[in-house]
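In what follows, a structure is listed as structure tokens, so that the remarks can point back to it.
Each ligand, and each atom within it, is numbered from 1 in the order the structure gives. Counting from 1, the numbers follow the sequence of the chain as shown.
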Amino acid sequence: MLGSGKGSNFVAIADAVAAGKIPAEIAVVLSDVESAGILAHARDRKIPAQFIPPGKFRTKLDEEAERVFVNALQTAKVDLIVLAGFMRVLKGDFLRAFEGRIVNIHPSLLPSFPGLEAWKQALEHGVKVTGCTVHFVDAGVDCGPIIGQQTVPVLDTDTPENLHQRIHAAEHELYPKCVAAIARREISVVGRRVIQKK
Ligand code: GRF
């Protein structure tokens with residue numbers, strides 16, 4: 001799992017793994033932020049956790065960092081990469097090394113509101129329903145094939161903060177379910193469509 005932030009989605013998935021709901025093992029947690037909560041949560045659970053300096057760019061990994069990330073993931077022999085609040089766009093060699101094996105969660109109903117602060121974008125646009133999306137990662141930003149979505153109503157009284165909070169709660173339900181379906185090999189991808197076999 002890769003993350004840059006507090007790691008609440010990591011906790012939801014790690015708890016689901018520990019409860020036997022996901023037939024998988026979290027092999028390693030990597031972060032581009034040394035102080036990220038996700039690393040501390042992983043260490044609390046005795047899961048290998050490593051900070052890797054991201055290099056000179058702000059929104060992507062530089063070539064050397066990309067190489068170190070790919071190497072760490074290959075050494076850990078991972079089958080699937082789960083992005084949980086990883087704030088850098090993955091590019092070229094990284095995507096090629098793990099094609100079709102990277103998933104992400106985004107805090108809106110894609111394709112609406114890709115990019116940053118999607119809950120705020122939804123509120124400002126005035127939609128009545130938003131939510132979260134788990135999707136495969138491809139070369140675009142927030143636009144690979146959609147694995148699962150969960151809706152969250154937008155209330156008249158909502159502030160960006162409390163809408164974000166309810167989306168986060170929905171993420172913690174949706175993400176473990178999607179990862180479990182992948183781990184059970186129930187998922188196949190046909191063009192842009194992700195079909196669940198069971
Ligand atoms: C989530 O809102 C997710 O949708 C976005 O980053 C956030 C990560 O939160 N991609 P956390 O670090 O899992 O708490």
Side-chain angles (χ1 to χ4, degrees), residues 1-18 21-22 24 26 28-45 47 49-52 54 58-61 69 80-91 94-95 102-125 127 129-154 158-180 182:
M1 293 190 67
L2 266 58
S4 311
K6 63 184 168 98
S8 67
N9 281 285
F10 162 78
V11 169
I13 290 172
D15 286 351
V17 168
K21 292 179 187 160
I22 303 177
I26 303 176
V28 67
V29 172
L30 304 178
S31 182
D32 59 326
V33 176
E34 197 163 16
S35 60
I38 192 170
L39 291 176
H41 283 302
R43 290 181 185 126
D44 285 349
R45 287 170 167 72
I47 294 171
Q50 190 186 342
F51 159 65
I52 299 176
R58 204 172 47 84
T59 58
K60 62 175 185 175
L61 301 171
F69 267 87
L80 182 72
I81 298 171
V82 175
L83 306 183
F86 190 65
M87 296 306 285
R88 287 170 192 271
V89 181
L90 299 177
K91 304 260 178 194
F94 196 125
L95 291 180
I102 311 174
V103 296
N104 182 42
I105 189 155
H106 182 77
S108 75
L109 296 176
L110 290 171
S112 290
F113 314 123
L116 294 176
E117 299 192 316
W119 62 92
K120 212 165 160 188
Q121 295 184 50
L123 196 62
E124 278 165 10
H125 193 89
V127 294
V129 178
T130 183
C132 51
T133 303
V134 175
H135 63 94
F136 284 105
V137 172
D138 63 13
V141 175
D142 301 328
C143 69
I146 291 171
I147 301 161
Q149 294 187 302
Q150 188 157 322
T151 58
V152 173
V154 180
D158 265 337
T159 60
E161 292 71 32
N162 60 27
L163 178 57
H164 189 201
Q165 216 170 18
R166 292 204 312 287
I167 294 172
H168 241 122
E171 291 181 349
H172 302 157
E173 290 176 18
L174 180 67
Y175 216 177
K177 282 187 205 156
C178 292
V179 174
I182 296 169

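Atom 5 (C) of ligand 1 has its closest protein heavy atom at I105 O, 3.9 Å. Protein heavy atom in closest approach to atom 12 (O) of ligand 1: G7 N, 2.8 Å. Looking at atom 8 (C) of ligand 1, its nearest protein heavy atom turns out to be G85 CA, 3.5 Å. H168 NE2, 3.1 Å is the protein heavy atom nearest to atom 9 (O) of ligand 1.
What you find for R88 and K60 is that their closest heavy atoms are NH1-O, 3.0 Å.
Panel note: side chain T151, backbone G131; no donor-acceptor pair is recorded below 3.5 Å. Under a 3.5 Å cut-off, the side chain of T133 and the backbone N or O of L110 do form a donor-acceptor pair.
Aromatic ring pairs are classed by plane angle as parallel below 30°, tilted from 30° to 60° and perpendicular above 60°; the pair W119 and H164 is parallel.
For ligand 1, the atoms sitting less than 4.0 Å from at least one non-hydrogen atom of E171 are 1 (C), 2 (O), 3 (C), 4 (O), numbered in the order shown with element in parentheses. Short contacts between ligand 1 and P107, defined as distances under 4.0 Å to a heavy atom of the residue, involve ligand atoms 4 (O).
Among the atoms of S8, some N or O lies under 3.5 angstrom from an N or O of ligand 1.
C132 places none of its side-chain heavy atoms less than 4.5 Å from the side chain of V152. Taking 4.5 Å as the limit, every side-chain heavy atom of L95 sits out of range of all side-chain heavy atoms of D138.
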